[in-house]
Amino acid sequence: MYSYEIQQARRDDLVREAAAWRLARDARAARTAERRAHRTEARTASRTSARTDAEGAASPSAPAPAPRPLGRVNRAPHPHRAA
């Protein structure tokens with residue numbers, strides 16, 4: 001009977017730890033989403049202000065934004081050589 005009680009206590013600890021990890025993961029995901037939304041708003045506002053002049057009309061001299069790659073750009077590593 002004693003080993004069963006130890007097993008149940010261990011299982012309860014694991015369930016509690018898993019719940020804590022899930023809460024931490026969800027909180028981290030929410031903070032990341034907030035930061036992304038804030039950055040997106042800032043980028044959109046700066047792009048809009050760069051493309052319009054003082055009256056709010058599109059400025060003909062403003063360059064069109066360059067297309068951005070999706071995600072990270074993986075570049076070829078440069079080997080460190082002595083020569």
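The chain is numbered in sequence order, starting from 1. Every heavy atom of this structure was used, including side-chain atoms; hydrogens, water molecules and symmetry mates were not.
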Q | Point-to-point distance, once rounded to the nearest 0.5 Å, from CD of Q7 to CG of D12 | A | 10.5 Å
Q: Please indicate whether R10 has more than 12 foreign heavy atoms, meaning atoms of other residues, nucleotides or ligands, lying under 6.0 Å from its CZ.
A: no
Q. Which value, rounded to the nearest 0.5 Å, describes the distance between R39 atom CZ and R36 atom CZ?
A. 7.0 Å
